[in-house]
Asker: 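Quick one: the structure is below, and I'll ask about it shortly.
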Amino acid sequence: MAKGNVVNKKTAKKKLTAKEKRLLVRKRELALQIIARLKEEYPDAGCTLDYNQAWKLLVSVRLAAQCTDARVNIVVEGLYQKYPSVAALAAAPPEDIERIVKPCGLGHTKARDISACMKVLHEQYHDQVPDNFQALLALPGVGRKSANLIMGDVFGKPAIVTDTHCIRLTNRMGLVDGIKEPKKVEMALWDIVPPEEGSDFCHRLVYHGREVCTARTKPYCDKCCLNDICSKNI
(Lines give C-alpha, C1' and ligand atoms only; values in the text may rest on other atoms or scores of the structure.)
Protein backbone atom coordinates (compact mmCIF):
# COMPACT_ATOMS: atom_id res chain seq x y z
CA MET A 1 0.00 0.00 0.00
CA ALA A 2 1.39 3.34 -1.00
CA LYS A 3 2.22 6.00 1.56
CA GLY A 4 -0.05 8.99 2.02
CA ASN A 5 -3.80 9.20 2.34
CA VAL A 6 -5.63 6.34 0.69
CA VAL A 7 -9.28 5.69 -0.07
CA ASN A 8 -10.56 2.21 0.68
CA LYS A 9 -11.96 0.24 -2.24
CA LYS A 10 -15.57 0.65 -1.21
CA THR A 11 -15.26 4.44 -1.05
CA ALA A 12 -13.23 4.56 -4.26
CA LYS A 13 -16.07 2.93 -6.21
CA LYS A 14 -18.63 5.33 -4.80
CA LYS A 15 -18.94 8.72 -6.40
CA LEU A 16 -18.92 11.26 -3.60
CA THR A 17 -21.14 14.30 -3.58
CA ALA A 18 -19.58 17.74 -3.14
CA LYS A 19 -20.74 17.76 0.48
CA GLU A 20 -19.22 14.32 1.13
CA LYS A 21 -15.93 15.42 -0.43
CA ARG A 22 -15.78 18.48 1.81
CA LEU A 23 -16.52 16.34 4.86
CA LEU A 24 -13.78 13.89 3.89
CA VAL A 25 -11.28 16.72 3.51
CA ARG A 26 -12.21 18.10 6.94
CA LYS A 27 -11.84 14.68 8.54
CA ARG A 28 -8.42 14.21 6.95
CA GLU A 29 -7.31 17.60 8.26
CA LEU A 30 -8.66 16.76 11.72
CA ALA A 31 -6.93 13.38 11.64
CA LEU A 32 -3.57 15.01 10.90
CA GLN A 33 -4.05 17.44 13.78
CA ILE A 34 -4.97 14.66 16.21
CA ILE A 35 -2.07 12.48 15.07
CA ALA A 36 0.40 15.32 15.55
CA ARG A 37 -0.83 16.18 19.04
CA LEU A 38 -0.97 12.58 20.25
CA LYS A 39 2.51 12.02 18.84
CA GLU A 40 3.77 14.89 20.99
CA GLU A 41 1.82 13.71 24.04
CA TYR A 42 2.82 10.03 23.77
CA PRO A 43 6.08 9.94 21.78
CA ASP A 44 7.06 6.45 22.91
CA ALA A 45 3.68 4.74 22.76
CA GLY A 46 3.81 1.17 21.55
CA CYS A 47 2.20 -2.22 22.01
CA THR A 48 1.49 -2.92 25.68
CA LEU A 49 1.72 -6.68 25.19
CA ASP A 50 5.19 -8.06 25.94
CA TYR A 51 6.74 -10.21 23.22
CA ASN A 52 10.10 -10.87 21.59
CA GLN A 53 8.93 -13.13 18.76
CA ALA A 54 6.04 -12.76 16.33
CA TRP A 55 4.29 -15.97 17.38
CA LYS A 56 4.25 -14.81 20.99
CA LEU A 57 2.36 -11.67 19.99
CA LEU A 58 -0.17 -13.88 18.22
CA VAL A 59 -0.66 -15.84 21.43
CA SER A 60 -0.86 -12.75 23.62
CA VAL A 61 -3.34 -10.88 21.46
CA ARG A 62 -5.66 -13.91 21.53
CA LEU A 63 -5.42 -14.05 25.31
CA ALA A 64 -6.06 -10.30 25.58
CA ALA A 65 -9.69 -10.62 24.47
CA GLN A 66 -11.76 -9.48 27.47
CA CYS A 67 -8.60 -9.44 29.58
CA THR A 68 -6.09 -6.75 30.50
CA ASP A 69 -2.71 -6.68 28.77
CA ALA A 70 -1.05 -6.55 32.19
CA ARG A 71 -2.59 -9.87 33.21
CA VAL A 72 -1.73 -11.44 29.85
CA ASN A 73 1.92 -10.40 30.26
CA ILE A 74 2.05 -12.26 33.57
CA VAL A 75 0.23 -15.38 32.40
CA VAL A 76 2.31 -15.93 29.28
CA GLU A 77 5.50 -16.12 31.35
CA GLY A 78 4.36 -19.47 32.73
CA LEU A 79 3.12 -20.60 29.33
CA TYR A 80 6.45 -19.94 27.62
CA GLN A 81 8.45 -21.49 30.42
CA LYS A 82 6.69 -24.78 29.76
CA TYR A 83 6.27 -24.37 26.00
CA PRO A 84 9.11 -22.16 24.71
CA SER A 85 8.57 -22.60 20.95
CA VAL A 86 5.91 -22.89 18.27
CA ALA A 87 6.64 -26.59 17.96
CA ALA A 88 6.34 -27.18 21.70
CA LEU A 89 3.06 -25.28 21.93
CA ALA A 90 1.70 -27.03 18.84
CA ALA A 91 2.38 -30.39 20.48
CA ALA A 92 0.92 -29.40 23.84
CA PRO A 93 -2.44 -30.88 24.87
CA PRO A 94 -5.06 -28.10 24.69
CA GLU A 95 -6.18 -28.92 28.23
CA ASP A 96 -2.67 -28.18 29.51
CA ILE A 97 -2.68 -24.83 27.73
CA GLU A 98 -6.12 -24.13 29.19
CA ARG A 99 -4.92 -24.72 32.76
CA ILE A 100 -2.19 -22.13 32.31
CA VAL A 101 -4.20 -19.45 30.49
CA LYS A 102 -7.39 -19.83 32.56
CA PRO A 103 -6.69 -16.59 34.54
CA CYS A 104 -7.19 -14.66 31.27
CA GLY A 105 -10.79 -15.84 31.02
CA LEU A 106 -12.46 -17.89 28.29
CA GLY A 107 -9.71 -20.45 28.87
CA HIS A 108 -11.23 -23.28 26.88
CA THR A 109 -11.84 -21.26 23.72
CA LYS A 110 -8.53 -19.41 23.88
CA ALA A 111 -6.54 -22.61 24.49
CA ARG A 112 -8.27 -24.32 21.58
CA ASP A 113 -7.50 -21.42 19.24
CA ILE A 114 -3.88 -21.11 20.38
CA SER A 115 -3.31 -24.83 19.94
CA ALA A 116 -4.85 -24.84 16.46
CA CYS A 117 -2.98 -21.68 15.42
CA MET A 118 0.41 -23.03 16.52
CA LYS A 119 -0.26 -26.29 14.67
CA VAL A 120 -0.86 -24.35 11.45
CA LEU A 121 2.30 -22.27 11.95
CA HIS A 122 4.32 -25.41 12.62
CA GLU A 123 2.91 -27.53 9.81
CA GLN A 124 2.39 -24.93 7.07
CA TYR A 125 4.76 -22.06 7.82
CA HIS A 126 7.84 -23.75 9.33
CA ASP A 127 7.18 -22.07 12.71
CA GLN A 128 7.11 -18.60 11.14
CA VAL A 129 4.28 -16.07 11.21
CA PRO A 130 3.16 -15.09 7.68
CA ASP A 131 3.50 -11.43 6.70
CA ASN A 132 0.39 -11.51 4.51
CA PHE A 133 -2.84 -10.06 5.89
CA GLN A 134 -5.14 -12.66 4.34
CA ALA A 135 -2.89 -15.50 5.50
CA LEU A 136 -3.02 -14.12 9.03
CA LEU A 137 -6.82 -13.91 8.89
CA ALA A 138 -6.92 -17.58 7.92
CA LEU A 139 -5.16 -18.60 11.14
CA PRO A 140 -7.42 -20.01 13.88
CA GLY A 141 -8.51 -17.35 16.35
CA VAL A 142 -7.08 -14.44 14.35
CA GLY A 143 -9.43 -11.60 13.36
CA ARG A 144 -8.83 -8.27 11.66
CA LYS A 145 -7.70 -6.56 14.87
CA SER A 146 -5.07 -9.21 15.57
CA ALA A 147 -3.94 -9.37 11.93
CA ASN A 148 -3.51 -5.60 11.79
CA LEU A 149 -1.54 -5.61 15.04
CA ILE A 150 0.86 -8.22 13.64
CA MET A 151 1.19 -6.39 10.31
CA GLY A 152 2.00 -3.09 12.01
CA ASP A 153 4.09 -4.11 15.01
CA VAL A 154 5.94 -7.12 13.64
CA PHE A 155 6.30 -6.31 9.96
CA GLY A 156 6.12 -2.52 10.00
CA LYS A 157 3.38 -2.42 7.39
CA PRO A 158 0.35 -0.09 7.27
CA ALA A 159 -2.18 -1.16 9.88
CA ILE A 160 -5.19 0.12 11.79
CA VAL A 161 -6.10 -1.76 14.95
CA THR A 162 -9.73 -1.07 15.83
CA ASP A 163 -9.89 -2.08 19.48
CA THR A 164 -12.40 -0.66 21.96
CA HIS A 165 -10.25 2.44 22.60
CA CYS A 166 -9.95 3.20 18.89
CA ILE A 167 -13.68 2.81 18.29
CA ARG A 168 -14.69 4.91 21.30
CA LEU A 169 -12.18 7.71 20.77
CA THR A 170 -12.51 8.13 17.02
CA ASN A 171 -16.27 8.48 17.45
CA ARG A 172 -15.86 11.03 20.24
CA MET A 173 -13.27 12.99 18.29
CA GLY A 174 -15.41 13.15 15.17
CA LEU A 175 -13.18 11.07 12.91
CA VAL A 176 -16.02 8.60 12.41
CA ASP A 177 -19.72 9.24 12.86
CA GLY A 178 -21.61 6.86 15.12
CA ILE A 179 -19.88 3.74 13.77
CA LYS A 180 -19.40 0.91 16.26
CA GLU A 181 -18.60 -2.09 14.04
CA PRO A 182 -14.80 -2.61 14.11
CA LYS A 183 -14.38 -3.35 10.39
CA LYS A 184 -16.46 -0.31 9.38
CA VAL A 185 -14.42 1.91 11.70
CA GLU A 186 -11.24 0.49 10.19
CA MET A 187 -12.42 1.17 6.65
CA ALA A 188 -13.46 4.72 7.56
CA LEU A 189 -10.07 5.41 9.11
CA TRP A 190 -8.19 4.09 6.08
CA ASP A 191 -9.78 6.97 4.16
CA ILE A 192 -8.45 9.68 6.46
CA VAL A 193 -5.34 8.40 8.27
CA PRO A 194 -2.01 8.25 6.39
CA PRO A 195 -1.06 4.55 6.15
CA GLU A 196 2.39 5.09 7.68
CA GLU A 197 0.77 6.65 10.77
CA GLY A 198 -2.00 4.12 11.37
CA SER A 199 -0.26 1.61 13.64
CA ASP A 200 1.34 4.15 16.00
CA PHE A 201 -1.82 6.27 15.98
CA CYS A 202 -3.85 3.32 17.28
CA HIS A 203 -1.29 2.62 20.02
CA ARG A 204 -1.50 6.25 21.10
CA LEU A 205 -5.28 6.00 21.21
CA VAL A 206 -4.90 3.17 23.72
CA TYR A 207 -2.70 5.31 25.98
CA HIS A 208 -5.00 8.30 25.62
CA GLY A 209 -8.08 6.17 26.21
CA ARG A 210 -6.66 4.78 29.45
CA GLU A 211 -5.25 7.99 30.85
CA VAL A 212 -7.55 10.78 29.63
CA CYS A 213 -10.40 9.90 27.28
CA THR A 214 -11.68 7.10 29.48
CA ALA A 215 -14.87 5.12 29.07
CA ARG A 216 -16.43 7.16 31.86
CA THR A 217 -19.50 9.24 31.05
CA LYS A 218 -17.37 12.31 31.77
CA PRO A 219 -13.78 11.74 30.58
CA TYR A 220 -10.99 14.08 31.67
CA CYS A 221 -11.57 16.66 28.93
CA ASP A 222 -10.07 19.44 31.06
CA LYS A 223 -6.59 17.93 30.72
CA CYS A 224 -6.94 16.61 27.17
CA CYS A 225 -4.47 17.80 24.52
CA LEU A 226 -7.31 17.58 21.97
CA ASN A 227 -9.81 19.59 23.99
CA ASP A 228 -10.19 22.43 21.48
CA ILE A 229 -10.55 20.28 18.36
CA CYS A 230 -12.52 17.28 19.68
CA SER A 231 -16.08 17.17 18.36
CA LYS A 232 -17.28 16.31 21.88
CA ASN A 233 -16.37 19.85 22.95
CA ILE A 234 -17.20 21.81 19.81
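For clarity, every value in this text was computed on a predicted model and none was experimentally measured.
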Asker: Is there a path from I150 to L189 through hydrophobic residues (I, L, V, M, F, W, Y) whose side chains come within less than 4.5 Å of each other?
Answerer: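 No, I150 does not connect to L189 through the hydrophobic network.
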Asker: Just by modelled atom types, is the G209 backbone N or O under 3.5 Å from a matching donor or acceptor in the R168 side chain?
Answerer: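 A pair under 3.5 Å: yes.
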Asker: With clusters defined by side-chain heavy atoms of hydrophobic residues (ILVMFWY) lying less than 4.5 Å apart, directly or transitively, does L23 cluster with L16?
Answerer: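 Hydrophobic grouping puts L16 apart from L23.
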Asker: Quick one: closest heavy-atom pair of G178 and N171, and the distance?
Answerer: N-OD1, 2.8 Å
Asker: Give, for atom CZ of R144 and atom CD1 of I160, the distance between the pair rounded to the nearest 0.5 Å.
Answerer: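 Answer for the CZ-CD1 pair, R144 versus I160, is 10.0 Å.
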Asker: Go through the structure and list residues passing side chain to side chain donor-acceptor pair (under 3.5 Å) with R204, not counting sequence neighbours.
Answerer: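 Checked R204 against side chain to side chain donor-acceptor pair (under 3.5 Å); zero matches.
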Asker: So, using side chain to side chain donor-acceptor pair (under 3.5 Å) as the criterion, who are the partners of D163 when residues are at least two apart?
Answerer: none
Asker: Answer yes or no: are there more than 12 heavy-atom neighbours, outside K180 itself, under 6.0 Å from its atom NZ?
Answerer: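 Yes, enclosed.
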Asker: Rounded to the nearest 0.5 Å, how far apart are CG of L49 and CG of L58?
Answerer: 11.0 Å
Asker: Of all heavy-atom pairs between I167 and T162, which one has the smallest distance, and what is that distance?
Answerer: CD1-O, 3.9 Å
Asker: Side-chain heavy atoms nearer than 4.5 Å, only ILVMFWY residues, links allowed to pass through others: does that put M173 and Y207 together?
Answerer: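 Shared cluster, yes.
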Asker: Between SG of C202 and NZ of K145, what distance do you get to the nearest 0.5 Å?
Answerer: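 It comes to 11.5 Å.
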Asker: Which distance, rounded to the nearest 0.5 Å, do you find between the CZ of R28 and the CD1 of I192?
Answerer: 8.5 Å
Asker: If the test is side chain to side chain donor-acceptor pair (under 3.5 Å), which one of T68, N73, D69 qualifies with T48?
Answerer: D69
Asker: Just one of K19, K21, K15 clears the side-chain contact (heavy atoms from CB on, under 4.5 Å) bar with T17, so which one?
Answerer: K19
Asker: Give, for atom NE2 of H203 and atom NE2 of H165, the distance between the pair rounded to the nearest 0.5 Å.
Answerer: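 Taking NE2 in H203 and NE2 in H165, the distance rounds to 12.5 Å.
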Asker: Please determine whether side-chain contact (heavy atoms from CB on, under 4.5 Å) holds for the pair L79 and V75, giving the CA-CA distance in whole Å, both sets of side-chain angles, and the decisive distance to 0.1 Å.
Answerer: CA-CA 7 Å; L79 182 66; V75 170; 5.6 Å; no
Asker: Using the ring of each side chain (for Trp, its six-membered ring), is W55 parallel, tilted or perpendicular to Y80, with breaks at 30° and 60°?
Answerer: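 Geometry flag for Y80 against W55: perpendicular rings.
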Asker: According to a hydrophobic-cluster definition based on side-chain heavy atoms being under 4.5 Å apart (Ile, Leu, Val, Met, Phe, Trp, Tyr only), do V101 and V142 belong together?
Answerer: yes
Asker: Search all heavy atoms of N132 against all heavy atoms of A135 and return the closest pair with its distance.
Answerer: OD1-N, 2.9 Å
Asker: Supply the atom-to-atom distance K56 NZ to D50 CG, rounded to the nearest 0.5 angstrom.
Answerer: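 Rounded to the nearest 0.5 Å, the NZ-CG separation comes out at 10.5 Å.
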Asker: Determine, step by step, whether K157 and D131 satisfy the salt bridge (charged side-chain N to carboxylate O under 4.0 Å, His left out) criterion, reporting the C-alpha distance in whole Å, the side-chain angles of both residues, the deciding distance to 0.1 Å, and the verdict.
Answerer: CA-CA 9 Å; K157 296 185 177 182; D131 63 353; 3.8 Å; yes
Asker: Closest heavy-atom contact between W190 and P158?
Answerer: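 That closest heavy-atom pairing would be CH2-C, 3.7 Å.
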Asker: Are any side-chain N or O atoms of K110 and backbone N or O atoms of L63, one a donor and one an acceptor, separated by less than 3.5 Å?
Answerer: yes
Asker: Is a donor on one side and an acceptor on the other found under 3.5 Å between the side chain of R37 and the backbone of C225?
Answerer: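 Checking the backbone N and O of C225 against the side chain of R37, a donor-acceptor pair under 3.5 Å is found.
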Asker: Whether the side chain of S231 engages the backbone of R172 through a donor-acceptor N/O pair (distance < 3.5 Å, no angle test) should be reported.
Answerer: yes
